[in-house]
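Each remark here refers to the structure printed beneath this line.
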Amino acid sequence: MRLSRYFLPILRETPKEAEIVSHRLMLRAGLIRQESAGIYAWLPLGLKVLNKINAIIREEQNRSGAVELLMPVIQSADLWRESGRYDAYGKEMLRIKDRHEREMLFGPTNEEMITEIFRGSVRSYKDLPLNLYHIQWKFRDEVRPRFGVMRSREFLMKDAYSFDLDQEGARHSYNRMFVAYLRTFARLGLTAIPMRADTGPIGGDLSHEFIILASTGESEVFADKAVLDQPIPAVDTDFDSREALDAIFQAWTKPYAATSEMHDEAAYNAVPADRQISARGIEVGHIFYFGTKYSEPMKATVTGPDGRETPVHMGSYGIGPSRLVAALIEASHDEAGIIWPDAVAPFDVSLLNLKVGDAGTDEACATLYKALSARGKDVLYDDRDERTGAKFATADLIGSPWQVLVGPKGLAEGKVELKRRKTGERVLLTIEETLARLLA
RNA sequence: CGGGGCUUAGCGCAGCCAGGUAGCGCAUCUGCUUUGGGAGCAGAGGGUCGUAAGUUCGAAUCUUACAGCCCCGACCA
């Protein structure tokens with residue numbers, strides 16, 4: 001993509017409302033634009049990151065056996081009356097009426113709807129286990145939205161829902177998501193710690209939050225450092241093996257780790273002092289097992305092997321991709337801007353033509369741009385007629401993992417400069433060497 | 001939902017107290033000079049001063065109402 005033809009509205013100054021670094025950088029780097037309190041438009045650069053995160057989430061959900069579908073954002077109030085949550089959910093639910101005065105709502109979550117879909121089509125235990133997920137916009141009318149997309153009213157959520165014949169099966173489904181989440185966050189370049197968590201209005205008795213440690217986090221958390229030493233489950237993990245998944249779950253949940261709601265002072269004090277973590281964290285995922293809380297009132301049953309109808313055991317599993325964008329920035333940035341992990345960077349390479357109009361730099365850039373693009377690299381080519389300083393500042397701000405600096409000075413020796421955003425390290429290389437390095 | 005604050009050009013702000021018809025920096029556009037870390041000079045464009053009503057000869061400025069937004073707290077898959 002040529003920057004001169006892209007839409008990248010960068011701000012030199014920080015809008016005053018942005019308090020935390022991720023919010024500031026998302027506004028400055030042109031990822032988002034606020035349209036209302038807690039409601040944001042995703043600009044091209046932000047959307048690219050969001051899509052990359054979604055792609056990784058999808059891969060890991062699919063790998064674990066979950067199946068993607070897509071449910072609507074608008075739901076019927078009647079559905080929520082069945083579960084009893086229409087009145088219970090309170091003012092956080094945005095209620096609306098259509099032209100026929102029918103009561104509708106903008107979905108804050110989808111347990112009711114997925115249960116309705118399930119009961120309409122599944123009759124037999126032979127169709128279980130089943131895990132259905134979607135990535136869809138949610139709306140929760142927060143009293144006080146803040147911190148940009150970290151705590152917004154409209155936000156994107158991957159929510160998965162599992163259905164099993166019994167509690168044992170449901171535990172296995174829970175573990176599948178547990179492992180899939182560990183892999184997902186690791187692939188995003190994040191260190192997420194699963195912590196025992198409160199179940200809140202979802203209900204149920206087993207729940208873990210996946211927390212990223214960050215001083216700007218809204219949750220107070222306590223953990224044993226030992227949890228950080230656990231290996232990330234391998235790509236070839238057998239998701240059908242109850243034993244294998246349970247072993248991973250046991251290993252990860254053995255060290256103490258809990259949010260403040262579930263904090264056990266005595267257990268925490270038993271952790272050696274040099275291994276105690278008392279910090280703040282950002283919740284990027286939350287998984288629940290809640291048994292028959294919805295299947296019973298909503299009559300989502302299957303016929304079991306014994307011929308009797310039983311309500312299915314369910315769990316729900318959420319990840320917030322839009323919040324993850326902010327969390328990634330909180331975890332990886334410096335004075336100059338964002339430092340994207342390779343896996344989610346909106347562009348793999350920023351190519352800077354330091355003297356647009358110079359035959360040599362123009363040609364070298366064209367060669368690099370063509371060769372990198374042909375090999376599937378997403379390149380943002382800064383072909384603007386700008387001063388070098390502005391180009392450097394832009395490239396650092398938007399945080400592409402690699403920068404290729406092409407100027408007359410280097411070209412005089414037949415070299416261009418390759419810069420690693422994360423370390424600031426630069427090396428002078430020929431064009432061929434640069435290509436070899438980036439395409440390796 | 002309690003408390004506090006803000007709203008003037010795309011962004012950041014001044015002007016308001018002591019009413020006289022709007023200004024600064026950045027950004028944008030034009031020209032010249034510059035060109036390896038957000039250039040310099042000269043010029044230009046852009047604002048019904050959040051909305052509505054009131055007071056006044058005259059309102060960005062004073063009064064009232066409303067709206068939007070932000071911060072602290074409480075709340076929060």
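Order of the sequence lines sets the chain letters (A, B, ...), proteins ahead of strands, with each chain counted from 1.
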G36(B) -> Watson-Crick or G-U wobble partner, both distances under 3.5 Å, gives none
Taking atom C1' of C75(B) as reference, at what distance in whole Å does atom CD of Glu220(A) sit? 16 Å
Any N/O donor-acceptor pair, Glu386(A) side-chain to G38(B) base, under 3.5 Å: no
Could you check which of C70(B), A74(B), C11(B) has an atom nearest any side-chain atom of Val143(A)? A74(B)
Taking for Thr14(A) and for Gly318(A) the nucleotide of RNA chain B with the nearest heavy atom, the one nearer the 5' end belongs to Thr14(A)
For Ala37(A) and Pro15(A), find the nucleotide of RNA chain B closest to each by heavy atoms; which residue's nucleotide sits nearer the 5' end? Pro15(A)
Within the structure provided, determine whether Leu228(A) and Ile277(A) are in side-chain contact (heavy-atom separation under 4.5 Å). yes
Could you work out which one of C69(B), C71(B), C70(B) sits closest to the side chain of Arg146(A)? C71(B)
Gap in Å between the two P atoms, one belonging to C41(B) and one to A27(B), rounded: 12 Å
Within this structure, what is the CD-to-C1' distance between Glu335(A) and G37(B), rounded to whole angstrom? 15 Å
Find the distance Glu283(A):CD to C75(B):C1' and express it as a whole number of Å. 15 Å
At less than 3.5 Å, do the side-chain atoms of Lys409(A) and the base atoms of G37(B) form a donor-acceptor pair? no
Now, which nucleotide makes the Watson-Crick or G-U wobble pair with U21(B), with each of the two distances under 3.5 Å? none
Using only side-chain N and O atoms of Arg387(A), determine if any of them is under 4.0 Å from OP1 or OP2 of U35(B). no
Rounded to whole Å, please give me the gap between CD in Glu142(A) and C1' in C1(B). 14 Å
When rounded to the nearest Å, what value does the distance between P atoms of U48(B) and A22(B) take? 12 Å
Under 4.0 Å, heavy atoms only, any strand: does Asp396(A) hit a base, just the sugar-phosphate, or nothing? base
When you compare the side chains of Glu111(A) and Ser316(A), does any donor N or O come within less than 3.5 Å of an acceptor on the partner? yes
Between P of C69(B) and OH of Tyr40(A), the distance in whole Å: 10 Å
Which residue in the set Tyr181(A), Tyr317(A), Phe249(A) passes ring-ring contact (aromatic ring centres under 6.0 Å, His included) when paired with His208(A)? Phe249(A)
Just wondering, more than 12 heavy atoms not from Lys48(A) lying within 6.0 Å of its NZ? yes
Would one find a side-chain N or O of Arg12(A) under 4.0 angstrom from OP1 or OP2 of C26(B)? no
Would you mind classifying the nucleic acid contact of Gly410(A) as base, sugar-phosphate or nothing, using non-hydrogen atoms under 4.0 angstrom? base
Taking the side chain of Lys419(A) as heavy atoms from C-beta outward, which of G37(B), G38(B), G12(B) is closest to it? G37(B)
Between the side chain of Asn353(A) and the main-chain N/O of Lys355(A), is any donor-acceptor distance below 3.5 Å? yes
Among Val404(A), Leu380(A), Val379(A), which residue satisfies the side chain to side chain contact (heavy atoms under 4.5 Å, CB included) criterion with Tyr369(A)? Val379(A)
Supply the atom-to-atom distance Ile319(A) CD1 to Ile53(A) CD1, rounded to the nearest 0.5 angstrom. 10.0 Å
Euclidean distance, atom CZ of residue Arg153(A) to atom P of G68(B) [Å, nearest integer]: 10 Å
Watson-Crick or G-U wobble partner for C69(B), using a 3.5 Å limit on both distances? G5(B)
Taking the minimum atom-to-atom distance to the side chain of Arg426(A), which one of G25(B), G38(B), G36(B) wins? G36(B)
Which whole-number value in Å describes the distance from Leu27(A) CG to G10(B) C1'? 14 Å
Side-chain atoms of Arg144(A) come closest, of C70(B), G38(B), C72(B), to C72(B)
Which listed nucleotide (C71(B), G36(B), G38(B)) is nearest to the side chain of Glu19(A)? C71(B)
Can you figure out which of C70(B), G38(B), G37(B) approaches the side chain of Thr388(A) most closely? G37(B)
Mind checking who U28(B) pairs with, Watson-Crick or G-U wobble, both distances under 3.5 Å? A44(B)
Hunt down the Watson-Crick or G-U wobble partner of A52(B), both distances under 3.5 Å, from any strand shown, or write none. U64(B)
Between G12(B), U28(B), C70(B), spot the one nearest the side chain of Gln34(A), thanks. C70(B)
Measuring from the side chain of Glu17(A) (C-beta onward, heavy atoms only), which nucleotide among G25(B), G36(B), C70(B) has the closest atom? C70(B)
Just checking Lys355(A): base, sugar-phosphate only, or nothing, at a heavy-atom cut-off of under 4.0 Å? nothing
Whole angstrom is fine here: how far is it from CD in Glu13(A) over to P in C13(B)? 8 Å
